[in-house]
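Below, each value reflects all heavy atoms present in this structure, side chains not excepted, and no hydrogens, waters or symmetry copies.
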Amino acid sequence: MKLRIDKFLADMGQGSRSEIKEYIRKGLVSVNGAVIKSPSEKADTELDTVSLNGVKIEYAVFEYYVMNKPAGVISATEDSREKTVLDLIKSRREDLFPVGRLDKDTEGLLLITNDGQLAHELLSPRRHVDKTYFVRTKGKLSNEHAGLIAGGLRVDEEFTALPGRLEIIKSGEESEAFITVHEGKFHQVKRMMEACGCSVTYLKRISMGGLKLPKELEPGEYRALTPPELSDLKKK
């Protein structure tokens with residue numbers, strides 16, 4: 001695949017297009033050892049050797065990041081009024097997107113990538129990929145609710161959830177639990193809790209398939225997936 005050299009370097013987080021143009025003007029960018037003169041010159045991502053200030057820059061076709069999404073940020077690629085999860089990623093390539101959505105007030109694990117095939121597999125209803133959340137509710141969660149969820153909770157007239165799992169941590173006027181679901185319906189966990197007579201006061205996704213939210217990530221932080229994490233995520 002051939003790319004303009006400014007896009008090649010921008011995709012690899014080496015700066016903005018304007019910054020890269022300045023590097024080129026200063027003679028800091030070379031392709032196969034030859035200093036280039038224009039950002040419109042192209043390099044083959046597989047065959048050519050691109051260097052910036054003497055350092056070889058490898059091109060990655062796909063990138064994978066795990067983010068601890070903070071509350072108040074929307075799961076979108078762009079928005080004219082709201083801050084998006086991609087606004088939190090510095091020096092990012094232009095083709096990244098979040099895999100699925102978390103509500104604006106929901107925190108936790110969000111996968112960000114440019115691998116459309118993996119995203120499709122993770123979100124496909126046929127895959128039934130586990131999504132586990134920590135939930136805090138106003139209202140008492142009980143073993144009866146756990147049984148209803150295990151059997152496939154009838155949420156409303158239009159939606160009956162696939163069988164899931166509710167692990168109660170604390171039960172009382174304020175309850176806490178882990179809930180695992182397999183779909184990604186709009187406001188699904190909140191609607192399920194409402195069907196149980198509770199209202200959600202806090203919600204955080206802690207895992208998706210084989211990928212778990214890294215404990216070291218504070219809200220708003222992200223990092224690249226490790227090879228073992230990517231392998232676990234891709235397991236069928």
Side-chain angles (χ1 to χ4, degrees), residues 1-70 73-80 82-100 109-123 208-235:
M1 178 173 61
K2 286 193 172 184
L3 295 177
R4 284 175 54 115
I5 198 66
D6 55 353
K7 176 173 173 53
F8 184 113
L9 292 173
D11 281 355
M12 294 302 95
Q14 300 305 307
S16 65
R17 293 286 188 98
S18 59
E19 289 172 333
I20 290 164
K21 287 177 181 177
E22 183 63 17
Y23 299 153
I24 292 170
R25 190 188 66 80
K26 293 180 178 178
L28 300 178
V29 180
S30 66
V31 177
N32 299 327
V35 175
I36 66 166
K37 304 296 184 183
S38 169
S40 64
E41 292 188 39
K42 293 185 176 181
D44 190 300
T45 57
E46 295 181 2
L47 301 177
D48 292 331
T49 299
V50 176
S51 298
L52 173 60
N53 202 20
V55 178
K56 183 179 177 181
I57 307 298
E58 299 275 3
Y59 191 87
V61 176
F62 296 122
E63 293 186 6
Y64 307 88
Y65 298 99
V66 57
M67 174 181 286
N68 186 354
K69 177 194 168 298
V73 177
I74 64 172
S75 302
T77 54
E78 59 182 358
D79 191 276
S80 59
E82 304 274 6
K83 178 179 283 189
T84 75
V85 290
L86 290 189
D87 291 331
L88 302 177
I89 297 184
K90 299 177 181 177
S91 301
R92 64 178 177 86
R93 60 197 298 163
E94 298 172 353
D95 56 354
L96 292 175
F97 58 87
V99 177
L109 186 150
L110 189 64
L111 175 66
I112 296 174
T113 185
N114 62 329
D115 187 340
Q117 180 61 36
L118 177 61
H120 172 75
E121 292 176 359
L122 291 173
L123 298 176
M208 181 179 186
L211 180 63
K212 293 179 173 56
L213 180 66
K215 294 181 179 180
E216 72 272 12
L217 288 185
E218 296 293 330
E221 292 183 342
Y222 65 95
R223 64 162 173 76
L225 292 190
T226 65
E229 286 174 333
L230 183 57
S231 177
D232 286 343
L233 191 63
K234 290 183 174 181
K235 285 180 180 177

Trainee: What's the separation between atom CD1 in Ile24 and atom CD1 in Ile5, rounded to the nearest 0.5 Å?
Mentor: 6.5 Å
Trainee: Please name the pair of heavy atoms, one in Ala60 and one in Glu63, separated by the smallest distance, quoted to 0.1 Å.
Mentor: CB-CG, 4.4 Å
Trainee: Is a side-chain donor or acceptor of Asn32 paired with a backbone partner of Thr49 at a separation under 3.5 angstrom?
Mentor: yes
Trainee: What distance do Ile57 atom CD1 and Asp11 atom CG have between them, rounded to the nearest 0.5 Å?
Mentor: 12.5 Å
Trainee: Count the heavy atoms of every other residue, nucleotide or ligand shown that sit under 6.0 Å from CD of Glu46, and state whether that count exceeds 12.
Mentor: no
Trainee: Let me confirm one number: the CE-NZ distance from Met12 to Lys7, rounded to the nearest 0.5 Å.
Mentor: 8.5 Å
Trainee: Heavy atoms only: give me the nearest Pro214-Glu229 pair and the separation to one decimal.
Mentor: CG-OE2, 4.3 Å
Trainee: Between Phe62 and Leu118, is any pair of side-chain heavy atoms under 4.5 Å apart?
Mentor: no
Trainee: Look up atom CG in Leu47 and atom CE in Met1, then write down how far apart they are to the nearest 0.5 Å.
Mentor: 11.5 Å
Trainee: So, taking the atom named CG in Leu225 and the one named CZ in Arg223, what distance separates them when rounded to the nearest 0.5 Å?
Mentor: 7.0 Å
Trainee: Tell me the closest heavy-atom pair linking Pro219 and Pro70, and the distance in Å.
Mentor: CB-CB, 4.0 Å
Trainee: Please enumerate all residues that pass salt bridge (charged side-chain N to carboxylate O under 4.0 Å, His left out) together with Glu41, with sequence neighbours excluded.
Mentor: none
Trainee: Any donor-acceptor pair under 3.5 Å linking the side-chain atoms of Tyr23 with those of Asn53?
Mentor: no
Trainee: Could you report the tightest heavy-atom contact between Pro98 and Leu110, atom names first, then the distance?
Mentor: CB-CD2, 3.9 Å
Trainee: Taking all atoms of both residues into account, what is the closest heavy-atom pair of Val73 and Val85, and its distance?
Mentor: CG1-N, 3.4 Å
Trainee: I need the Ile20 CD1 to Leu52 CG distance, nearest 0.5 Å.
Mentor: 8.0 Å
Trainee: According to the interplanar angle, ranging from 0 to 90°, do the rings of Tyr65 and Tyr222 count as parallel (below 30°), tilted (30 to 60°) or perpendicular (above 60°)?
Mentor: perpendicular
Trainee: Just wondering, do Asp6 and Lys21 contact through their side chains at under 4.5 Å, heavy atoms?
Mentor: yes
Trainee: Any heavy-atom pair between the side chains of Asp232 and Lys212 that's under 4.5 Å?
Mentor: no
Trainee: Heavy atoms only: give me the nearest Leu109-Met208 pair and the separation to one decimal.
Mentor: CD2-CB, 3.9 Å
Trainee: So if I apply the side-chain hydrogen bond (donor to acceptor under 3.5 Å, both in side chains) rule between Tyr64 and each of Asn114, Thr113, Thr226, Asp115, which one comes out positive?
Mentor: Asp115
Trainee: Do the side chains of Asn68 and Leu213 get nearer than 4.5 Å, heavy atoms only?
Mentor: yes
